[in-house]
Each structure stands twice: as structure tokens, then as C-alpha cells.
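Here is the naming used below: chain letters follow the sequence lines, and residue numbers restart at 1 for every chain.
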Amino acid sequence: MDLIEPVSKLSGDKPVIKETTHWYLDLPKFEQELRSWLKTKDYWKDNVKNFIMGWLDEGLKQRAITRDLDWGVPIPLENTEGKVLYVWFDAPIGYLSSTKEWAEKIGEPEKWKDYWLDKKTKMIHFLGKDNIPFHTIIWPAMLMEQKQQFVLPYDVPANEYLNLEGKKMSTSRNWTVWVEDFLKYFDGEYLRYVLAANAPESKDSDFSWKDFQAKVNNELNNVLGNLANRTFVFSKKYFDGYVTRPDKLSKKAETTLEKVFGHAKKTGKAFKNYQVRKATKLFMDIARIGNRYFDETKPWETVKQEKKKAEETLYICCSILRIISIIATPVIPKGMKRLRLMLDLKDNYLWEDQAKNPKEYQIDKIERLFEKIDDKEIEKQYEILGDRRSDQNPQHEHKPEIQFEDFMKMEIRIAKILKAEKIKKSNKLLKLEVNIGNEERTVVAGISKYYKPENLIGKKVPMLVNLKARKVMGIESQAMILAAEDKDELALLHPDKDVNEGSEIS
RNA sequence: GGCGACGUAGCUCAGUUGGUUAGAGCAUCGGAAUCAUAAUCCGGGUGUCCGGGGUUCAAGUCCCUGCGUCGCUACCA
């Protein structure tokens, strides 16, 4: 038992020690094999490598892979009733079994082997940093021990954390955005875009509704949506929707296209390196190039005297949109599909099809690619967040009823803090010298995060003084300070009027 | 305290193996344009690259140190 005098937070009961049997994964046995395997992963992200090396250097420990629970995946062995697999032992196996299920569904039950047993397969796990050890230590160790040679993870590009309005997300505190709620108000495509544009790839990043609105309005709508709209409307108005390829491109058109292809190539490279954020910026920059080109070639002027020139502008803009419709698909698939439909292009295409410039674009129906979000909608989201914040402590779990005598067992007195200092090697604890009337005592209190020692001196606070003394960090604590705890805040209590130290509370 | 990171423009963030006058978007100010979803385009930056040392011909980038923030971890009787 590692815990010191533990009690249940819900019932206040003391836990009962029970004997049980568990199965363990013998991780230390795999250390050498894991190390030499990880040595080949010099292309992994530094944050991932650092994390694993930390684990390895501290020494791997045997890890229980079973739990005593009445739900979960049962152990496929005899006499194991009531035992289930530990979630991070069975979850990765799901990757394999779902492939098998898929193979069976398509009528080729052996097909899964093409992936799991082929050395050329690149298995890539996308996850948040808290999931690194399961996919880089435990899961590979499981695979290594199999008779069949399964492929090991090729890369584990773990991301950092995404904060919400500057604060760490927490589902238990309801400080989060639930996808199903989000979808009630906005198109999921917008979330995909904003998350891609601001993914915590190299460090924690922040999601704020204001920023969400700005990105949807300024980028998706004003830059990309408007480029499509102005191009299409113009084509419709002056060319009846038919935009044909010029026999020979002007220099301006050529250099513009070159630049676009250059960006597109970089976009592909960024995707391959899991730099979704960079890729997103790149394809949006292509739309910016398109807008600039549109402005510089002034089709609204050339259309009057040199109609061919105006047509070239539109043709290039359509081509730019066509290229974007391919390379932005991983991030905003629905919008890009609609863009292709408006361009009268096939839905079925490959990344390489960028280079295929059609003879003609046919614009028929024009619809908005994206919609803007107005301030009211964002205010609504802030209201929802606010409601949640006040909703954070819904009902208290009450402790069992006690008798008056139980309460009377406690001796609580007002103590005056005489001295306060930090305890070295600790960042939560303060050592206090207090006067409880006719005697002085030493108290260790875990309030360092909330109070500076110098601000405590002279304060009068309630203390539980007849609690059994206990050594903490080598110091004997002879009483317990009482304070109110509210989520991330902690407040000491003060008597309403000045009373002498030693006054008893009843 | 130990381990791991982070600190770049008002805001959100880029900055490849150290190499010209440190960048983008937003915001802000000024201008152009009128095809377009009041959209677009051009121009405007005195940033102690957290502070202080050091290595180097050269440091936002490497090393040491201090401060601050965050995560994991131990001690909140």
C-alpha cells in the first residue's frame, strides 16, 4: 500500500485491502529490444523521443494488464471471472481487430495481412502527448512478442495540448467544447479548418471563440470563399459560365501558376511531415495569390476592350481554385467537393491531377462556399461557456451522517500564525509556527501555492489541534489548518470579530 | 524538489542543420480599386527574440545561470 491513510472521497470510508491476482506485462524484458528499435527512429519528433527516453532511463516496470471490473473486455483464459483487460492493453489490439473485421466485410478475410504483416506498411499513430507511452512502449512490446512478425509503429507524431480560452480543457469540469454541441451551431468543417490552422504541433496552443470567428470569416470566407465567388460570378456575367483555356499563356499567368504549383508542392510536403498547420497556411496563401492576381490583371477593365485577357484571368483563377480543391481536401473535404462541383470537375481525383489543366471550365450553379459567423453567434458560445462554469459544482456528494459526539471529538481552536516559511524541496508545503493560546505548535500546511509566507504572519485561523501528529518531509506537523477549497482556489478562514488565539470553535 | 518543455510584434503563432536589414495572419492607420460574401489589393513595425553571462568571424537558434508559465511526479494530517 503506497497510500497514506487513504479515504474515499465519496463516502469517507477507509479502503479495505483485498488480495487479487493480476497478469503483468513484463516490460523490463523488452528494454533492450525497445531501445534498439527506438534508435532507428531518429526521424521522430523530439518531444516524443524525449518522453520515451525519460521512461526508459527511469527503468521500465512490470505493468498490470488486468483489472477487477464488471465491465470491459474479459480475459480469454480459464478461471478469470471478474477480470478484464486494462484499457490500454486492449485498445491498440482494436487497431488490428478492426482491420480484420474490415477485411471480412469486404469478403477478403486474409486482406488484413497485406497491412499488418507487410514490412513496407507505415503504421502511424496520431495522438496527444499523454498517450505516448502506450504507443511507443507497451504496444510495440506487445507486438514484438508475437509469433507473427507484425509491423511496429512507423511514426508517432504526438501533438501537445489545445487549451480553451487560455485555460486547460477539462471534461470533468465541463471546460470544453463538445462536438455534438458544436454541430448544433456550426458546420463541422469550420472546426476542422480552425483546428488544422492552429494545431498544437510543437507546443500547446489556444482555441478561442473569437479566434474561431476570425479565422472562419477572414480566411475561409473572405479569402477563399470570396475568390471562388468573384471568379464564378464574373464568369457567369461576362462569359455565360464558359471559361476556355487560352492558346498561349501570358507571362503574368505563367509566373502566377508557377508560384501556385510551388505552394501546392510545399503543401503536400507539409502534409507528409504531419505539419497540418503549415499545409493549411500554404493552401490559404494560394487563395491569397489568386486574389492578388485577380486584382492586378483587372478583368473588369480588360473585359471591355480585350475580352481574351479577361478570360485568361478567369481561367487562371479557376485553375487556382481547382488546385486548391485538391490540396485542401484533407482539411475541408465538404467545401472542396462543392467547389469542384461548381467547377464542373469530377469528384474522383488524385493528388497528381493538379497538373491536368482542362480545356474549359463550365460554371453553372453558384453557391456560397462558406458562411460567415456574426458576433451574436459567438456571444452565444461565450454564454454557454459561462453557464458551464457556474455549473461546475452541481451536487455535492454528502458524507454519512454523524452524531454530535463525533463532532465533539474534534478540538478546533483559533491559532495565530507566528512564523511561516517554505519547506525546501517542496513546492506545496509551508512550515508554520502557531500559537493556540497557551502553547505553540509547528504545523505543515499544503498552501504554498495560494499563500506567501510573509502574508500569513499575524493571521488568525482555525486549526484542528487534536489530530494525531505526523511527520511530513521530516517535520512533525502538530495540527491541521482548515481552509475552504474551491476548484483551483483555496481560502483560509478568519473569525468575524477579533478573538484571542486559543478560542475554541464549537 | 526531481524530470520534461515553453517564454519572438497589441493578439494568435512561424522561424529549417547557428549565416544578410527577424517573419505571417489578425488588429490598427493611410491609400487604391469596384468583379465579388462591405469582400479584395497596396503601403506603414523604434520587436531589449524573458533577463544575465559564455562559446563563435557570426546566436532568436548552441552552453551555463536567474526569473516567469505549463505538464508529469513527491510531500498537502
In whole angstrom, give me the gap between the P atoms of B:C67 and B:U56.
-> 28 Å

Salt bridge flag under 4.0 Å for residues A:K298 and A:E301 | no

Just how far, in rounded Å, is C1' of B:A27 from CD of A:Q213?
-> 13 Å

Rounded to whole angstrom, note down the C1' distance from B:U61 over to B:C49.
-> 10 Å

Return the orientation label for the A:F294 and A:F234 ring planes: parallel under 30°, perpendicular over 60°, tilted otherwise.
-> perpendicular

Name the closest nucleotide to the A:N198 side chain, picking from B:A77, B:C13, B:U34.
-> B:C13

Does B:G10 pair with anything, Watson-Crick or G-U wobble, both distances under 3.5 Å, and if so, with which nucleotide?
-> B:C26

Distance between the P atoms of B:A27 and B:C11, in whole angstroms?
-> 16 Å

Atom of A:I457, atom of A:L418 and distance for their closest heavy-atom approach | CG2-O, 3.6 Å

Please measure how far the C1' atom in B:G45 lies from the corresponding atom in B:C29, and state the result in whole Å.
-> 12 Å

Does the side chain of A:K372 come under 3.5 Å of the side chain of A:N222 through a donor N or O and an acceptor N or O?
-> yes

Searching all strands shown, indicate the nucleotide that pairs with B:C76 (Watson-Crick or G-U wobble; both distances under 3.5 Å).
-> none

Under a 4.0 Å N-O cut-off, is there an ion pair linking A:E411 with A:R413?
-> yes

Send over the distance from A:D211 CG to B:A27 C1', rounded to a whole Å.
-> 12 Å

Measure from the side chain of A:D204, starting at C-beta and using heavy atoms only, and say which of B:A24, B:A77, B:C70 lies closest.
-> B:C70

Mind calculating the distance between CZ (A:F239) and P (B:C35) to the nearest angstrom?
-> 14 Å

Determine all donor-acceptor pairs shorter than 3.5 Å in which one atom belongs to a side chain in residues 153-164 of chain A; sequence neighbours excluded.
residue : atom : partner : partner atom : Å
A:D155  : OD1  : A:W44   : NE1          : 3.4
A:D155  : OD2  : A:Y274  : OH           : 3.1
A:E160  : OE1  : A:K129  : NZ           : 3.0
A:E160  : OE2  : A:N47   : ND2          : 2.4

Hey, does A:S208 reach any base, or is it just sugar-phosphate, or nothing, if we go heavy atoms under 4.0 Å?
-> nothing

Would you kindly give the NZ-to-C1' distance between A:K471 and B:A74, to the nearest whole Å?
-> 18 Å

Length of the CE-C1' vector between A:M463 and B:C76, whole Å = 13 Å

Given atom CE of A:M480 and atom C1' of B:C75, what is their separation to the nearest angstrom?
-> 15 Å

Select from A:K298 and A:K215 the residue whose nearest nucleotide in RNA chain B is closer to the 5' end of that strand.
-> A:K215

Considering only heavy side-chain atoms of A:W300, the closest of B:C75, B:U8, B:A33 is B:A33

So what does A:F232 touch, heavy atoms closer than 4.0 Å: a base, only the sugar-phosphate, or nothing?
-> nothing

What interatomic distance, in whole Å, is found between P of B:C3 and the corresponding atom of B:C63?
-> 16 Å

Partner nucleotide, any strand, of B:C3 [Watson-Crick/G-U, under 3.5 Å] = B:G71

When you measure from every atom of RNA chain B, which of residues 253-277 of chain A have a heavy atom less than 4.0 Å away?
-> A:R277

Counting any heavy atom closer than 4.0 Å, what does A:K281 reach on the DNA or RNA strands: base, sugar-phosphate only, or nothing?
-> sugar-phosphate

A:E377 (side chain) donor-acceptor with A:D374 (main chain) under 3.5 angstrom | yes

Distance-only polar pair, side chains of A:T244 and A:E311, donor-acceptor under 3.5 Å = yes

Under the ring-ring contact (aromatic ring centres under 6.0 Å, His included) criterion, do A:Y193 and A:F370 qualify, and how do the steps go?
-> CA-CA 12 Å; A:Y193 178 78; A:F370 307 104; 7.9 Å; no

Look at all strands and tell whether A:V443 reaches a base, only sugar-phosphate, or nothing, counting heavy atoms closer than 4.0 Å.
-> nothing

Taking a pair to mean Watson-Crick or G-U wobble geometry with both distances below 3.5 Å, B:A33 pairs with none

Considering only atom P, compute the distance from B:A59 to B:G53 and round it to an integer number of Å.
-> 14 Å

Can you tell me the distance, in whole Å, between the NZ atom of A:K129 and the C1' atom of B:C6?
-> 9 Å

When every nucleotide of nucleotides 37-43 of chain B is labelled 5' to 3' by its protein contacts under 4.0 Å (heavy atoms), B for base, S for sugar-phosphate only, - for none, what sequence of letters results?
-> B-SBSS-

Name the nucleic acid region contacted by A:A469, choosing base, sugar-phosphate or nothing; use a 4.0 angstrom heavy-atom cut-off, strictly under.
-> nothing

Is it true that the side chains of A:R368 and A:N221 contain a donor and an acceptor less than 3.5 Å apart?
-> no

Quick one: is B:A27 close enough that its OP1 or OP2 comes under 4.0 Å of any side-chain N or O from A:K210?
-> no

A:F234-B:C35 aromatic stacking (under 5.5 Å, under 30°) = no

Should the pair A:R230-A:D295 be classified as a salt bridge under the 4.0 Å nitrogen-to-oxygen rule?
-> yes

Answer with base, sugar-phosphate or nothing: what part of the nucleic acid does A:E160 contact at a heavy-atom distance below 4.0 Å?
-> nothing

How would you label the contact of A:L467 with the nucleic acid (heavy atoms, under 4.0 Å): base, sugar-phosphate, or nothing?
-> sugar-phosphate

Give the rounded distance in Å between these two atoms: CG of A:N131 and P of B:C72.
-> 14 Å

Rounded distance in Å between the C1' positions of B:G31 and B:U69 = 42 Å

Using the C1' atom as the reference point in each nucleotide, state the distance between B:G30 and B:G66 in Å, no decimals.
-> 44 Å

Is there side-chain contact between A:I132 and A:L127, with heavy atoms separated by less than 4.5 Å?
-> yes

Contact class for A:A445 vs. all strands (heavy atom < 4.0 Å): base, sugar-phosphate, or nothing?
-> sugar-phosphate

